[in-house]
Amino acid sequence: MDAQKDKGLCPGCKEPYKVGDYDDEIEYSNGTLKLPAPNGKRDPNNMSMMKRNQGGDFDHNRWLFETSGTYGYGNAFRDDMYGGDDGDERLQGDIENNDKPWKPISRKIPIDSAILSPYRLLVFVRLVVLGFFLHWRITNPNDDAIWLWTMSIVCEVWFAFSWILDQIPKICPVNRTTDLEVLREKFDLPSPLNPTGRSDLPGIDLFVSTADPEKEPPLTTANTILSILAVDYPVEKVACYTSDDGGALLTFEAMAEAASFADLWVPFCRKHNIEPRNPDAYFNLKIDPTKNKSRSDFVKDRRRVRREYDEFKVRINGLPDSIRRRSEAFNAREEMKMLKHLRETGADPMEKPKIQKATWMADGTHWPGTWAVGTSEHSKGDHAGILQVMLKPPSHDPLIGNGEDKLIDFTDVDIRLPMLVYVSREKRPGYDHNKKAGAMNALVRASAILSNGAFILNLDCDHYINNCKAIREGMCFMMDRGGEDICYIQFPQRFEGIDPSDRYANHNTVFFDGNMRALDGVQGPVYVGTGCMFRRFALYAFPPPNPDKLTQAKENETQPLTTSDLDPDLDVNLLPKRFGNSTMLAESIPVCEFQGRPIADHPAIKFGRPPGALRAPREPLDAVTVAEAVSVISCWYEDKTEWGERVGWIYGSVTEDVVTGFRMHNRGWRSVYCITKRDAFRGSAPINLTDRLHQVLRWATGSVEIFFSRNNALLATRKLKFLQRLAYLNVGIYPFTSFFLIVYCFLPALSLISGQFIVKQLNLFFLIYLMIITFCLIGLALLEVRWAQISLEDWWRNEQFWLISGTSSHFAACIQGLLKVIAGIEISFTLTAKSAGEDEDDIYADLYIVKWTSLMIPPIVIAMVNIIALMIAFARTLFGTGQWNMFIGGAFFAFWVLAHLYPFLKGLMGRRRKTPTIVFVWAGLIAIIISLLWLAINPGALGNLGASGTGAGFVFP
Ligand SMILES: O=c1ccn([C@@H]2O[C@H](COP(=O)(O)OP(=O)(O)O[C@H]3O[C@H](CO)[C@@H](O)[C@H](O)[C@H]3O)[C@@H](O)[C@H]2O)c(=O)[nH]1
Ligand SMILES: [Mn+2]
């Protein structure tokens with residue numbers, strides 16, 4: 001933390017910051033580090049401070065070389081590798097012996113063609129028949145009810161269009177697998193290229209975002225942090241950063257508690273191979289804990305750790321109180337001091353200056369963050385930039401625990417912990433903080449200076465690592481041959497604590513297992529937030545490397561590799577304009593690019609790079625570095641730079657994630673979807689109807705914002721593949737379907753009441769087209785659940801929620817989005833509340849809470865109107881026409897709409913049917929008024945009801 005830094009003591013590890021550690025590193029730049037030149041010989045001129053070669057190109061390798069002393073910790077080349085006289089020869093030798101067959105670390109598995117071929121065929125058939133159908137519809141107007149005909153036609157054309165946008169990108173889904181064993185062989189085992197056997201895996205920085213300790217309980221965040229600290233990845237290559245947008249002392253102290261509990265938890269996980277490594281999730285497992293546990297002291301250790309965890313929990317839950325009490329005491333003491341001072345100086349105590357109440361840290365200093373605890377001002381509070389290294393970078397070599405005087409015997413366990421940093425970026429009035437995207441960008445910069453991991457994994461505070469090998473899984477793709485153009489790896493988001501019937505489609509399986517898997521076969525899944533592993537270099541707005549060009553440049557020995565090979569647009573003089581004024585940051589960039597390249601027995605060696613992202617032991621952090629990291633989280637740092645514009649997470653949408661991924665795909669990068677056997681990450685989702693509608697509202701609003709921005713897929717470059725472009729177009733357009741959907745949901749009712757239908761008479765063509773279209777839909781659904789490996793129930797829940805959100809949240813999102821475009825009204829980011837997972841006796845209690853929101857109005861009205869229409873038509877048929885076949889036709893489709901709304905209506909009932917009566921009265925009134933109005937305009941028209949509203953049967957994509 002900057003406030004503490006002045007004292008030269010790190011409050012986390014209580015050791016002085018070391019100044020002058022640069023001495024060691026100078027070694028690298030004065031030549032000990034022998035970076036092999038393209039041909040294995042080194043050119044002494046490469047050492048010059050001249051950063052440009054003859055052709056005016058910036059020399060990447062030279063730059064890298066000269067700056068190797070100042071980039072972050074843990075990323076330096078290992079000099080023992082090249083320090084020896086025979087270093088280059090060894091390398092050469094290995095390249096020559098490199099003819100052994102390449103073992104892939106990851107593989108793409110095509111979907112069974114017995115499923116995929118009929119699937120594609122059905123898509124094609126439906127597409128053609130839809131065309132015929134619409135043609136027939138348009139050329140056969142219903143003169144008796146032109147209004148009805150027009151409304152339905154417009155909707156149907158739109159539905160066909162949106163179906164195409166949704167369906168076409170889904171025609172080439174793929175699966176993938178990884179081979180962790182091969183990854184280990186290549187990176188973790190000693191080899192001629194890596195005789196020491198130190199892991200050659202690249203560094204990774206994990207980002208956890210939290211914004212409000214009230215909506216996001218610190219215990220949840222602490223558990224997430226613990227799951228990260230215990231991850232199965234070389235400890236010295238992991239750094240964990242928490243971004244606290246609330247600037248809350250509560251979060252800070254909870255992190256400190258987590259760091260200290262990690263001393264016990266992490267080695268325990270390593271010793272007994274615990275899974276999952278989130279203590280709360282682990283201790284709540286319903287299975288036998290001793291399963292697959294071989295060590296005799298497991299039961300004893302587990303009991304011990306459990307007791308400690310319970311105490312840890314009590315401490316965390318007691319933090320708000322202790323901070324409040326402490327602060328009250330300190331504030332009172334300050335006031336006393338002040339009064340005493342006034343008395344002594346003889347001033348009038350009544351005129352004492354008002355004392356600014358403060359939050360106090362345990363050591364008696366002011367907390368520089370948001371001062372109040374227990375107010376809702378957390379996320380709005382202005383505060384200084386705070387950066388605290390809570391766990392310093394570990395040593396490079398394992399540190400074995402001991403057996404005496406300890407709670408647990410860790411005699412043969414590595415007890416090191418990864419680096420842990422608490423960051424709260426500065427917030428000042430007058431600055432737009434750009435929500436999560438702004439927070440992430442501050443972390444990107446701070447981490448570039450402190451650890452500069454070549455990869456970055458982003459997790460929301462409620463998403464923990466459920467599979468301790470998750471990072472390795474991701475590396476299988478990033479480090480594989482040909483992986484250099486992967487910008488990120490998105491993992492599916494899996495949720496816990498959702499009601500078993502998944503009433504509001506919280507699991508989102510159709511999206512995560514269908515759409516995303518399908519995009520993986522095009523250019524890659526869209527970035528959807530938590531659980532995504534980035535190549536840091538790709539976040540810096542560089543285009544992907546062009547391997548052909550690199551090979552050519554290198555084989556032609558006179559032409560060294562330059563940054564223009566990496567990015568033709570980037571001039572080194574423009575670095576500050578793009579990245580801001582931090583030199584350390586600028587210098588870290590080529591290093592992370594280099595470190596992130598796939599390694600080992602592959603073509604990269606040809607480009608003159610050493611095999612592997614080799615790292616030196618981490619040096620202790622020095623004050624200069626920490627000061628620099630603090631300066632890049634200040635709010636002015638981004639002024640007149642391209643952060644949020646091109647670099648890092650992109651600003652301007654509440655779904656910053658989609659835009660950020662879009663920009664990368666648009667530069668030609670590809671992404672990968674990584675579904676692991678054991679879920680990589682798990683998190684929570686709102687199971688309450690109101691919260692869920694608001695969450696969907698935010699996503700849809702973000703989409704509308706994207707649609708009206710320069711990030712609209714229509715404006716994309718040619719590097720965005722065609723199907724990918726359709727998919728992104730769909731992301732921007734889907735909320736607009738709500739206008740048509742709402743109209744269409746009224747059609748069955750209008751039809752029933754008026755006795756008119758959308759076609760004049762039931763023509764044979766009409767029925768045949770309709771039948772084919774409907775059967776294709778069913779067939780597609782059946783095949784899709786097969787390749788997506790989901791259940792038909794998931795699919796149906798998704799359909800239902802599509803209609804529910806389509807008539808409520810999506811509609812509101814369009815209105816909000818239009819207001820932003822027309823009137824410039826900004827859209828706020830409402831945090832999704834997370835449960836602390838505490839009320840164990842009634843975990844789904846949330847599901848039944850009914851909180852009124854105006855989002856509910858349209859679906860309620862639609863349901864009421866349809867019900868009333870059914871009653872009117874029923875009465876009319878019973879007492880009048882007696883044409884039951886017509887009634888049944890209309891009734892069928894009214895029921896069809898109602899069936900989609902069923903979960904919604906159930907949600908309104910709450911648990912004990914406690915829906916506010918006003919809701920019913922009000923909705924009933926509106927429905928009756930609409931129905932009566934209708935009857936007044938079209939008195940008693942009784943036409944062909946035969947298949948009223950039939951169209952609705954096919955429109956649903
Ligand atoms: O000003 C802010 C606002 C939010 N957040 C964090 O952003 C994350 C996502 O917020 P949440 O309310 O949980 O949104 P969800 O809808 O659950 O999240 C999904 O959708 C978001 C985009 O709307 C993505 O950012 C998330 O990664 C994705 O999981 C949380 O960790 C927040 O702490 C901040 O750090 N600063
Ligand atoms: Mn969330």
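For the pair Y728 and V658, the minimum side-chain heavy-atom distance is below 4.5 Å. Between V704 and Q816 there is no side-chain heavy-atom pair separated by less than 4.5 Å. Proximity of Y504 to I498: side-chain heavy atoms (C-beta onward) are nowhere separated by under 4.5 Å. Two residues are said to be in side-chain contact when any heavy atoms from C-beta on lie closer than 4.5 Å; I589 and F542 meet this criterion. With a 4.5 Å cut-off on side-chain heavy atoms, I489 and L457 do not count as touching. No side-chain heavy atom of C776 sits less than 4.5 Å from a side-chain heavy atom of V129. The closest side-chain heavy-atom distance from D432 to E826 is not below 4.5 Å. Proximity of W643 to R445: side-chain heavy atoms (C-beta onward) are separated by under 4.5 Å at one or more points.
With hydrogens and angles disregarded, a donor-acceptor distance shorter than 3.5 Å links the side chain of Q490 to the backbone of G531. Between the side chain of D520 and the backbone N or O of P173 there is no donor-acceptor pair closer than 3.5 Å. Although no hydrogens or angles enter the test, the distance criterion places a donor-acceptor pair under 3.5 Å between the side chain of R725 and the main chain of T717. Checking side-chain atoms of D485 against main-chain N and O of W669 turns up no donor-acceptor pair under 3.5 Å. Under a 3.5 Å cut-off, the side chain of S106 and the backbone N or O of F477 do not form any donor-acceptor pair. At distances below 3.5 Å, not a single donor-acceptor pair connects side-chain atoms of Q493 with backbone N or O atoms of G683. Under the 3.5 Å distance criterion, the side-chain polar atoms of R597 are left unmatched by any main-chain donor or acceptor of E484. Between the side chain of R663 and the backbone N or O of V647 there is no donor-acceptor pair closer than 3.5 Å. E216 places a side-chain N or O within 3.5 Å of a backbone atom of A211 that can act as its donor or acceptor partner. A donor-acceptor contact shorter than 3.5 Å links the side chain of R535 to the backbone of I486.
E784 pairs in a salt bridge (charged side-chain N to carboxylate O under 4.0 Å, His left out) with only one of the listed residues (R517, R120, K170), which is K170. Here the options are F495, F207, F681, F491, the test is ring-ring contact (aromatic ring centres under 6.0 Å, His included), and the partner is H463; only F495 passes.
The shortest non-hydrogen separation linking D502 to R797 is O-CD, 3.1 Å. Among all heavy-atom pairs drawn from S447 and R536, the shortest one is OG-NH2, 2.7 Å. When every heavy atom of M516 is checked against every heavy atom of V526, the shortest pair comes out as CE-O, 3.2 Å. Nearest heavy-atom pair across I742 and T807 is CD1-O, 3.6 Å. For the pair A700 and A813, the tightest heavy-atom approach, listed with the atom from each and the gap, is CB-CB, 3.4 Å. Contact between S738 and G806 at its shortest, heavy atoms only, is CB-O, 2.7 Å.
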Identify every side-chain donor-acceptor pair in residues 729-737 under 3.5 Å, counting partners at least two apart or on other chains, and give the distances.
{"residue": "N730", "atom": "ND2", "partner": "D166", "partner atom": "OD1", "Å": "3.4"}
{"residue": "T737", "atom": "OG1", "partner": "W158", "partner atom": "NE1", "Å": "3.0"}
{"residue": "T737", "atom": "OG1", "partner": "Y734", "partner atom": "O", "Å": "3.2"}

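The distance from the CD1 atom of I804 to the CG atom of L901 is 6.0 Å, given to the nearest 0.5 Å. From I171, atom CD1 reaches atom CG of L723 across 5.5 Å, with rounding to the nearest 0.5 Å. For the atom pair CZ (F707) and OG (S653), the distance works out to 14.0 Å, reported to the nearest 0.5 Å. The CD1 atom of I456 lies 8.5 Å from the CD1 atom of I204; values are rounded to the nearest 0.5 Å. Between atom OG1 of residue T701 and atom NE2 of residue H810 there is a gap of 9.0 Å, rounded to the nearest 0.5 Å. Interatomic distance, CG of N175 versus CD of Q789, reported as 5.5 Å (0.5 Å rounding).
A salt bridge is defined here as a Lys NZ or Arg NE, NH1 or NH2 lying under 4.0 Å from an Asp or Glu carboxylate O, and K435 with E656 fails to meet this definition. A salt bridge links E642 to R578: at least one charged side-chain nitrogen sits closer than 4.0 Å to a carboxylate oxygen. A salt bridge does not link D657 with K436: every distance from a Lys NZ or Arg NE/NH1/NH2 to an Asp or Glu carboxylate oxygen is 4.0 Å or more. Comment: D513 engages R494 in a salt bridge, judged by a side-chain N to carboxylate O separation of less than 4.0 angstrom.
The ring-ring contact (aromatic ring centres under 6.0 Å, His included) check on F124 picks up nothing, with sequence neighbours excluded. With sequence neighbours left out, the side chain to side chain donor-acceptor pair (under 3.5 Å) criterion links T139 to no other residue.
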Go through F455 and F534 one step at a time and tell me if the ring pair (Phe, Tyr, Trp, His ring centres under 6.0 Å) criterion holds.
CA-CA 5 Å; F455 297 93; F534 290 93; over 10 Å; no
Evaluate the ring pair (Phe, Tyr, Trp, His ring centres under 6.0 Å) criterion for residues H694 and W699: first the C-alpha distance (whole Å), next the side-chain angles of each, then the deciding distance (0.1 Å), finally the verdict.
CA-CA 9 Å; H694 276 119; W699 294 343; over 10 Å; no
Could you walk me through whether Y488 and R670 pass the side chain to side chain contact (heavy atoms under 4.5 Å, CB included) test, one step at a time?
CA-CA 8 Å; Y488 60 81; R670 70 187 172 101; over 6 Å; no
Residues Y119, W787; criterion ring pair (Phe, Tyr, Trp, His ring centres under 6.0 Å); working and verdict
CA-CA 10 Å; Y119 184 74; W787 65 249; 5.7 Å; yes
W802 and H900: CA distance, side-chain angles, deciding distance, side chain to side chain contact (heavy atoms under 4.5 Å, CB included) verdict:
CA-CA 9 Å; W802 177 76; H900 277 80; 5.7 Å; no
Apply side chain to side chain contact (heavy atoms under 4.5 Å, CB included) to residues Y540 and V444 and explain how you reach the verdict.
CA-CA 9 Å; Y540 290 146; V444 171; 3.8 Å; yes
Candidate pair M440 and L539, rule side chain to side chain contact (heavy atoms under 4.5 Å, CB included), full reasoning
CA-CA 11 Å; M440 290 298 103; L539 277 172; over 6 Å; no
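Judged by the 6.0 Å and 45° rule, R126 forms a cation-pi pair with W163. In this structure, R692 satisfies the cation-pi test against F801, with its NZ or CZ atom closer than 6.0 Å to the six-membered ring centre and inside 45 degrees of the ring normal.
Taking the six-membered ring for Trp and thresholds of 30 and 60 degrees, W649 and Y527 have ring planes more than 60 degrees apart, a perpendicular arrangement.
More than 12 non-hydrogen atoms from other residues, nucleotides or ligands lie less than 6.0 angstrom from OH of Y673.
Under 3.5 Å, the side chains of Y651 and N441 contain a donor-acceptor pair of N or O atoms.
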